[in-house]
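Everything below concerns the one structure shown next.
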Amino acid sequence: MQIDVVTLFPDFFQTPLQASILARATRSGLLSVNAHNPRDFATDKHQSVDDEPYGGGGGMVLKPEPLFALWKARKLEKAHCIYLTADGEKLDHRLSVELSLQEHLVLLCGHYKGVDERVRTRLIDREVSIGDYVLTGGEPAALVLIDAVVRLVPGVLGNFSSALEDSFQDALLDCPWYTRPAEFNGESVPQVLQSGDHQRVQQWRRKQALRKTYERRPDLLDKADLDDNEKKQLSQWEREGLE
Ligand code: 6GU
């Protein structure tokens with residue numbers, strides 16, 4: 001996957017991308033992240049990148065011309081472009097899975113009051129937020145998105161902790177709590193995990209995920225896609241408490 005980050009602060013991305021799994025993904029050729037500074041494409045003598053918004057409205061926005069020049073020079077036109085902004089669509093596991101299927105992402109980090117309307121219509125495919133709070137800029141949000149999305153790219157995680165199994169459960173429950181195998185928690189390993197029976201292991205993990213979601217985030221169960229057995233299990237827990 002190729003990710004081009006457009007940011008006034010390219011240094012922000014240096015260290016995090018050189019650590020751990022993202023670094024390994026880059027070394028093995030599964031990931032390529034490059035940061036680009038619109039200021040390098042400013043044409044006036046002050047290299048200005050902010051502007052009065054087209055059509056008024058107060059505040060300053062990212063100037064369109066340097067962005068258009070950057071897109072052309074770095075050939076970003078065909079990529080799926082995400083503008084990171086607090087009022088965007090909320091990033092969750094489902095959206096992370098969807099974005100992990102893209103070959104080429106552009107992450108435009110917002111500052112000031114946003115972007116010019118011409119940038120919005122000509123360059124941006126979707127607007128994404130990482131949660132209901134306000135950051136000073138889109139950079140931390142871009143890092144979070146990169147991490148959540150890249151770990152879902154096949155081959156990025158080792159087979160010890162497979163994204164397929166995590167995302168299988170997360171996607172079905174639409175929930176962020178995936179079940180850590182017991183061996184990670186210092187607990188004794190249940191018989192079922194040693195059985196080698198893949199289907200039984202999956203069922204066991206799914207039940208653990210259901211239980212954890214019920215305990216910690218029952219709100220997520222309202223919209224979860226549960227089968228009859230799982231619904232029965234839930235009403236049993238509701239009647240009798242957790243075993
Ligand atoms: Cl993407 N940007 C900013 N500035 N604040 C945020 C955010 C993004 N997501 C949550 N808060």
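Here the structure is a predicted model, which is why all the values come from computation and not from measurement. First listed ligand is number 1; within each ligand, the first listed atom is number 1.
Of the protein's non-hydrogen atoms, the one nearest atom 1 (Cl) of ligand 1 is T85 N, 3.1 Å. Counting only heavy atoms of the protein, atom 2 (N) of ligand 1 lies nearest to A86 N, 3.6 Å. Here the protein heavy atom with the shortest distance to atom 9 (N) of ligand 1 is I130 N, 3.0 Å. Distance from atom 5 (N) of ligand 1 to its nearest protein heavy atom, with residue and atom name: L135 N, 3.0 Å. In terms of protein heavy atoms, atom 10 (C) of ligand 1 is closest to G131 O, 3.1 Å.
Considering every non-hydrogen atom in both S48 and K63, the closest pair reads O-CD, 3.4 Å.
If you chain together hydrophobic residues whose side chains sit under 4.5 Å apart, V61 and F41 never meet in one group.
With a heavy-atom cut-off of 4.0 Å, A141 touches ligand 1 through its side chain alone. Residue contacts with ligand 1 for D132 are absent, since no atom lies close enough (heavy atoms, distance under 4.0 Å).
Inclusion of Y133 in the set of residues having an N or O under 3.5 Å from an N or O of ligand 1 is warranted.
Between E117 and R120 a salt bridge is recorded (basic side-chain N to carboxylate O distance below 4.0 Å). Between R122 and E77 there is no salt bridge, since none of the side-chain N atoms of the basic residue sits less than 4.0 Å from a carboxylate O of the acidic one. The existence of a salt bridge linking K90 and D92 is excluded, since no basic side-chain nitrogen approaches an acidic carboxylate oxygen closer than 4.0 Å.
Below 4.0 Å from some heavy atom of V128 lie the following atoms of ligand 1, by number and element: 1 (Cl).
Residue I82 is tested with L99, L95, L91 for a side chain to side chain contact (heavy atoms under 4.5 Å, CB included); the sole match is L99.
For the residue pair T7/E139, the side-chain donor-acceptor check at 3.5 Å is satisfied.
Ligand 1 lies nowhere less than 4.0 angstrom from a heavy atom belonging to G110.
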